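The structure appears below as structure tokens.
Below, chain A is the first sequence line, B the second, and so on; all start at residue 1. Here the structure is a predicted model, which is why all the values come from computation and not from measurement.
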Protein chains: 2
Amino acid sequence: MENEELVHSLRLLISGLHKSLRKDISESTSLSLTELETISLLYRNDHMLPTELANHTKVSTPSMTQILNKLAERKYIRRKSDPEDKRKVSISLTSTGKKVIENALNNQDNELRGRIESRLTAGEIKTLMKVLPILEKINSL
Amino acid sequence: MENEELVHSLRLLISGLHKSLRKDISESTSLSLTELETISLLYRNDHMLPTELANHTKVSTPSMTQILNKLAERKYIRRKSDPEDKRKVSISLTSTGKKVIENALNNQDNELRGRIESRLTAGEIKTLMKVLPILEKINSL
DNA sequence: CATTATTGTTAGGTAAGCTAATTAGTTGGA
DNA sequence: TCCAACTAATTAGCTTACCTAACAATAATG
């Protein structure tokens, strides 16, 4: 079995794609990948706790605090203390934050999207879609 | 067309996988992803120039210099000045470096490999292999 | 109640990258 | 032929995106 080769190629790919993505996103939004991911989680979930966000984005809770501080400074999110359990802080997007993520999603100049649409055939894009759930299995937990 | 969704999922995946990978590799080899990638390029190519390595790994040349310094300190690579063009430095792996990359490839405790083999069916692994060239198209240049 | 657990934060550090400037060597045109 | 422009690698110094350890506040549990 030469899964070694698969693992190896996957590593190179992820490393390369990560660098391109990071550069692209920071240029267009001046946010890090994880910051964008945080906003997009909030876009889909209405409100979440810092620990939940940290788990989903795979960063430590102190790191998530920093991210939330930055996003709060820019008025992309708001913090609301939970009256039931005063340790908890409910995080949600402001309307500004919603605009930011909607822009990022729709952005035609988006480098990754441009690459996909200019370099891949319709069939290849379909194949790529099919493989996403598989990659998610590897990524999860 | 909702390529937006595809692009979005791909971003989350790459960000998550990158974090897992980086952690895993640094724990098992105390190398960064790019450092491992550099060694593996040298494993396949016998000798390369710093600029070539920088291009392939998508880092700047000063960053590559740093990486090469670290790898040279550990005696994983050697630098040899090119007599034809004295500006050029030919980089190649030492036998120690070869052992390192061979170990990293074969490592059964390898986290990514473990995930792939324990979580995916044989069919899914096949599909994954098929999609690699497509991802490479996105990654290249 | 007193201890233990959980949530979020602060403080401080590190790793992996970047740009700008430097050194050294090469090439091509007036 | 020689100087201007280019190329290759490096150095210096900075930034960003994380991390761990320690702490304060609150909640749950024996």
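Nearest nucleotide to the side chain of B:P62, out of D:dC18, C:dG25, D:dT10: D:dT10. Closest contact between the side chain of B:R79 and the listed nucleotides D:dT10, C:dA16, D:dT26 involves D:dT10.
If you take CD of A:Q66 and P of D:dA17, they are 10 Å apart, rounded to a whole angstrom. As rounded to whole Å, 17 Å separates atom P of D:dC18 from atom CD1 of B:I25. Rounded to a whole Å, the CG atom of B:L21 is 14 Å from the P atom of C:dA16. Counting to the nearest Å, the C1' atom of C:dT23 and the NZ atom of B:K88 are 18 Å from each other. Taking atom CD1 of B:I67 as the reference point, atom C1' of C:dA15 lies 11 Å away to the nearest angstrom. For the pair B:L68 CG and C:dG17 C1', the interatomic distance rounds to 15 Å; values are reported in whole Å. As rounded to whole Å, 13 Å separates atom C1' of D:dT16 from atom CG of A:L33. Between the C1' atom of C:dA15 and the CD atom of B:E35 lies a distance of 9 Å, rounded to the nearest Å.
Residue B:R87 places no side-chain atom within donor-acceptor reach of the base of C:dT26, judged by atom type and a 3.5 Å distance cut-off alone.
For the contact set between residues 42-55 of chain B and DNA chain C, defined by any heavy atom under 4.0 Å, there are no members.
You'll find the side chain of A:K98 stays beyond 4.5 Å of the side chain of A:T94, heavy atoms only. Two residues are said to be in side-chain contact when any heavy atoms from C-beta on lie closer than 4.5 Å; B:K126 and B:T121 fail this criterion. Using a 4.5 Å cut-off on side-chain heavy atoms (C-beta onward), B:P50 and B:L68 make contact. Side chains of B:V131 and B:L135 form a contact here, defined as non-hydrogen atoms less than 4.5 Å apart. Looking only at side-chain heavy atoms (C-beta outward), A:R113 and B:L6 stay at 4.5 Å or farther from each other.
Between B:R22 and D:dC19, a side-chain N or O to OP1/OP2 separation shorter than 4.0 Å is absent. Phosphate contact (OP1/OP2 of C:dT10, side-chain N/O of A:T65, threshold under 4.0 Å): absent. Put simply, A:S63 has a side-chain N or O that comes within less than 4.0 Å of OP1 or OP2 on D:dC19. Regarding contacts with the backbone of C:dT19, every side-chain N or O of B:S60 stays at 4.0 angstrom or more from both OP1 and OP2.
In terms of position on DNA chain C, the residue among B:P83 and A:N69 whose nearest nucleotide sits closer to the 5' end is A:N69. Each of A:L31 and A:D82 lies near DNA chain D, and the nucleotide nearest A:L31 is the one positioned closer to the 5' end.
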TODO: Under the side-chain hydrogen bond (donor to acceptor under 3.5 Å, both in side chains) rule, what do B:R119 and A:N139 come out as? Steps first, then yes or no, please.
DONE: CA-CA 10 Å; B:R119 297 180 187 185; A:N139 190 33; over 6 Å; no
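For the atom pair OG of A:S90 and CZ of A:R78, the computed distance is 9.5 Å after rounding to the nearest 0.5 Å.
Within 4.0 Å (heavy atoms only), B:S32 reaches sugar-phosphate atoms of the nucleic acid but no base atom. Among the atoms of the strands shown, none is found under 4.0 Å from any heavy atom of A:S26.
Judged by distance alone, the side chains of B:T57 and B:E37 never bring a donor and an acceptor atom under 3.5 Å apart.
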